[in-house]
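Read through the structure below, which is laid out as structure tokens, and then see the notes.
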Amino acid sequence: MSEEAWKLYYHSLERLQGSYGRAEFVRLVLEEAGVSYKMVHDNIAQLFKGGEWQGYPAFAPPLIQRGDFSLSQTGVICKFLGKKYGLYPTTEEDEWHADQLNTTVHDYIAEGRLSFHGKEWASSYLEQVEETKPYQEYFIKERMPKFLQHFEKALTANNGGKGFLVGNSVTYVDLALLHVLRATEAQFPAEWGALTSVPLLKAYQQRLQQRPRLQEYFNSDRWRPFSGNSMM
Ligand SMILES: N[C@@H](CCC(=O)N[C@@H](CS)C(=O)NCC(=O)O)C(=O)O
């Protein structure tokens, strides 16, 4: 693998009209690691929907590429980058628990996103605002608290919830959880604010987002605010 900057492929900024969506998970790992990367937004539809992508087959962006190596699937990309740049568990048990939690984080964001697209999940939220309301209500009432409660429990299982999800230092899975907590807070501020059953998770979010490199990123113009729908 060459040592040039990573390229991170994702939808065009015009299409996004807000945050970097799932690419934000990847950006948090790269930002915390202090690794340089370059966004690529050109021709994304032709590359991935139109079948013009020439690298290793990828179903959908985000995708990272450097030299002739490329990788897609957000959770896998973050794990790969975490391992490469020292944001990775140090024991075998923690490695598997991080994997388990990373998968649950991605289940959560996928369910949350789908609740905004209950009629047609590949179409814009704006085309189904009314039809998707019941799915959102179900997500807010049933699924969101269940997932968040689970994350609170998982956090508590390691050092009483005062540190990280696994081990004694930040890993890629903390950054993944941080992102979905921020997405939850941005998307459902009233429900998040009223949730009193996850105090450790709320403190953890504050702690993580104050890490110097992340704080610098969130305060910079490289960061883009959440779009206001689809938890993205
Ligand atoms: N499980 C994949 C989902 C990828 C995904 O759904 N990407 C969206 C953008 S966030 C996309 O462009 N999907 C196109 C499609 O599903 O056809 C991941 O986490 O990377």
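Counting starts at 1 for both ligands and their atoms, following the listed order.
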Which heavy atom of the protein is the closest neighbour of atom 4 (C) of ligand 1, given with residue, atom name and distance?
Pro61 O, 3.7 Å
Going by the atom numbers of ligand 1, which of them fall below 4.0 Å from some non-hydrogen atom of His11?
9 (C), 11 (C), 12 (O)
Salt bridge (Lys or Arg N to Asp or Glu O under 4.0 Å) between Glu24 and Arg27, worked out:
CA-CA 5 Å; Glu24 185 70 1; Arg27 290 170 62 93; 3.6 Å; yes
Looking only at protein heavy atoms, which one is nearest to atom 13 (N) of ligand 1, and what is the separation?
Ala60 CB, 3.6 Å
Specify the protein heavy atom at minimum distance from atom 20 (O) of ligand 1: its residue, its atom name, and the distance to 0.1 Å.
Thr74 OG1, 2.7 Å
Within less than 4.0 angstrom of ligand 1, does Tyr10 place any heavy atom?
yes
Min side-chain heavy-atom separation Cys78-Val26 under 4.5 Å
yes
Going by heavy atoms, is Met232 under 4.0 Å from ligand 1?
no
Hey, which atoms in ligand 1 end up nearer than 4.0 Å to a heavy atom of Gln73?
1 (N), 2 (C), 18 (C), 19 (O), 20 (O)
Indicate whether the side chain of Glu32 and that of Tyr172 have a donor and an acceptor atom separated by less than 3.5 Å.
no
Decide whether Tyr56 and Asp68 meet the rule of one side-chain donor and one side-chain acceptor closer than 3.5 Å.
no
Closest protein heavy atom to atom 6 (O) of ligand 1, given as residue, atom name and distance to 0.1 Å:
Arg22 NH1, 3.3 Å
Side-chain donor/acceptor of Glu191 to backbone N/O of Gly193, under 3.5 Å:
no
Side chain, backbone, both or neither: the part of Ala110 lying under 4.0 Å from ligand 1 by heavy atom
neither
Honestly, is Arg182 close enough over Phe218, meaning NZ or CZ under 6.0 Å from the six-membered ring centre and within 45° of the axis?
yes
Heavy atom of Phe59 under 4.0 Å from ligand 1?
yes
Do the two ring centres, one from Phe69 and one from Phe80, sit under 6.0 Å apart?
yes
